[in-house]
There are 2 protein chains.
Amino acid sequence: METINPNHTVESLNDLLTAHDIKPTSQRLEIARLLFAHHNHFAAEEIFSMINHGSHSQINSASQNSVSKATVYNTLGLFARKGLVREVIADPNKVFYDPNTRPHYHMYDPSSGELTDISADTVQISGLPAAPSGREVEGVDIVVRLRRLE
Amino acid sequence: METINPNHTVESLNDLLTAHDIKPTSQRLEIARLLFAHHNHFAAEEIFSMINHGSHSQINSASQNSVSKATVYNTLGLFARKGLVREVIADPNKVFYDPNTRPHYHMYDPSSGELTDISADTVQISGLPAAPSGREVEGVDIVVRLRRLE
DNA sequence: TTTCCATTTAGAATCATTATAAACGTTTGC
DNA sequence: GCAAACGTTTATAATGATTCTAAATGGAAA
Ligand SMILES: [Mn+2]
Ligand SMILES: [Mn+2]
Ligand SMILES: [Zn+2]
Ligand SMILES: [Zn+2]
């Protein structure tokens, strides 16, 4: 289920960040690569440990590419603010970061911690109320909560 | 927008807890009354401060009805486990407790912290995938995220 | 260079929540 | 009624994700 997409060169990631008005630094590229190479949802702590304890160096294969915890959090917040990634609120004790910003929904299994995508193509929702005055709808989140079969 | 429902006597709350296999204690009744008298979603910390600093004594009007923070958290967890209330995950830094356990959806405005109900009657969803094998769907959460109009 | 400004960082602080272990209350067994 | 047993409540400590602070770093500009 874990596919690594090699179609992200350092240059294309550079362009991606630049297009989102984010100055590409080595730390930001490292974090972006993690998110966009794996098609997966990650929490900040996971990204932090993948970068520091995992074997995912590609940009600078010689050094151990460490990024501080503060920078991981700052960077993910920045990415979300700039619309490069999306925050998914499905678990009360961690925020997931989703490299897919197009409309789609999620299925969450708290017992395994697995968060998977539901394509928006097949899903139809209707009858949702309009935003109250002075507000607009930023997005519609659907989370199908799973549990182990009794 | 804050309506207090007086249709909850101590006896009816007693029965409600008992029906959900929860032994009614004064602390549990106090917390249940807060949730069911107001038709509102509350976080644990809100309930804690409403009980301790607010003016909501009705069961024992003489004493100041204090309930410890640990008991507030324990009780809300118990209520949720027993199906008396429902947890709503809409804000990354607090869990809301919802006295309405029937299917319905939510609208959330992070800028005000307001969480409001969307009736399930008017909403149609279709095309959601089935649960993977070994799992079942516990529920489908919809959160319409709002933001201030630019 | 020297200055400037953004970025990164270690570490402290925050805050919601959970764990611990003792105190308390109520039920049960006699 | 009395005491063990058990569930409940509590103060307090611990946890863990996240944010804050204030200093260090590093590249671009002057
Ligand atoms: Mn019920
Ligand atoms: Mn948070
Ligand atoms: Zn997703
Ligand atoms: Zn609700």
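Order of the sequence lines sets the chain letters (A, B, ...), proteins ahead of strands, with each chain counted from 1.
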With a cut-off of less than 4.0 Å, is there a side-chain N or O of Thr25(A) near OP1 or OP2 of dT7(C)? no
Start with the C-alpha distance between His41(A) and Asp117(A), add both sets of side-chain angles, then the distance that settles side chain to side chain donor-acceptor pair (under 3.5 Å), and finish with yes or no. CA-CA 9 Å; His41(A) 311 85; Asp117(A) 281 344; 2.8 Å; yes
Asp98(A): salt bridge (Lys or Arg N to Asp or Glu O under 4.0 Å) partners, not counting sequence neighbours: none
When rounded to whole Å, the CZ to P distance for the pair Phe48(A) and dT8(C) reads 15 Å
Rounded to the Å, how far apart are Leu78(A) CG and dT18(D) P? 16 Å
Work out how much the helix from dT1(C)-dA30(D) to dC30(C)-dG1(D) bends between its end axes, five pairs an end, to the nearest 10 degrees. 10°
Gln27(B) CD to dA11(D) C1', straight-line distance once rounded to whole Å: 14 Å
Taking only residues two or more places apart in sequence or in another chain, which ones pass ring pair (Phe, Tyr, Trp, His ring centres under 6.0 Å) with His20(A)? none
Provide, to the nearest angstrom, the distance between the CG atom belonging to Asn52(B) and the C1' atom belonging to dA11(D). 13 Å
Identify each atom pair where a protein N or O and an N or O of nucleotides 17-27 of chain C are less than 3.5 Å apart, giving names and distance.
from, atom 1, to, atom 2, distance (Å)
dT17(C), OP1, Val95(B), N, 2.8
dT17(C), OP2, Tyr73(B), OH, 3.0

Can you give me every donor-acceptor pair (side chain of residues 126-135 of chain B, partner residue at least two apart or in another chain, under 3.5 Å) with its distance?
from, atom 1, to, atom 2, distance (Å)
Arg135(B), NH1, Asp109(A), OD2, 2.0

For Asp91(A), what residues pass the salt bridge (Lys or Arg N to Asp or Glu O under 4.0 Å) criterion, not counting sequence neighbours? none
Donor-acceptor pairs under 3.5 Å, side chain of residues 141-148 of chain A to any protein atom, not counting sequence neighbours: which ones?
from, atom 1, to, atom 2, distance (Å)
Asp141(A), OD1, Arg145(B), NH2, 2.8
Asp141(A), OD2, Arg145(B), NE, 2.8
Arg145(A), NE, Asp141(B), OD2, 2.8
Arg145(A), NH2, Asp141(B), OD1, 2.8
Arg147(A), NE, Glu136(B), OE2, 2.9

Could you give the CZ-to-C1' distance, from Phe42(B) to dA16(C), as a whole number of Å? 18 Å
Over how many whole Å does the gap from Leu76(A) atom CG to dT19(D) atom P extend? 10 Å
How many whole angstroms separate atom CD of Glu46(A) from atom P of dG16(D)? 15 Å
Can you list the residues that meet the salt bridge (Lys or Arg N to Asp or Glu O under 4.0 Å) rule with Lys94(A), with sequence neighbours excluded? none
Under a 4.5 Å side-chain heavy-atom rule over Ile, Leu, Val, Met, Phe, Trp and Tyr, are Val123(A) and Val137(A) clustered together? yes
Given atom CG of Asp91(B) and atom P of dA17(D), what is their separation to the nearest angstrom? 17 Å
OP1 or OP2 of dT10(D) sitting under 4.0 Å from any side-chain N/O of Ser68(B)? yes
So the ring-ring contact (aromatic ring centres under 6.0 Å, His included) pairs with at least one residue in residues 80-100 of chain B (sequence neighbours excluded) are Phe96(B)-Tyr108(B)
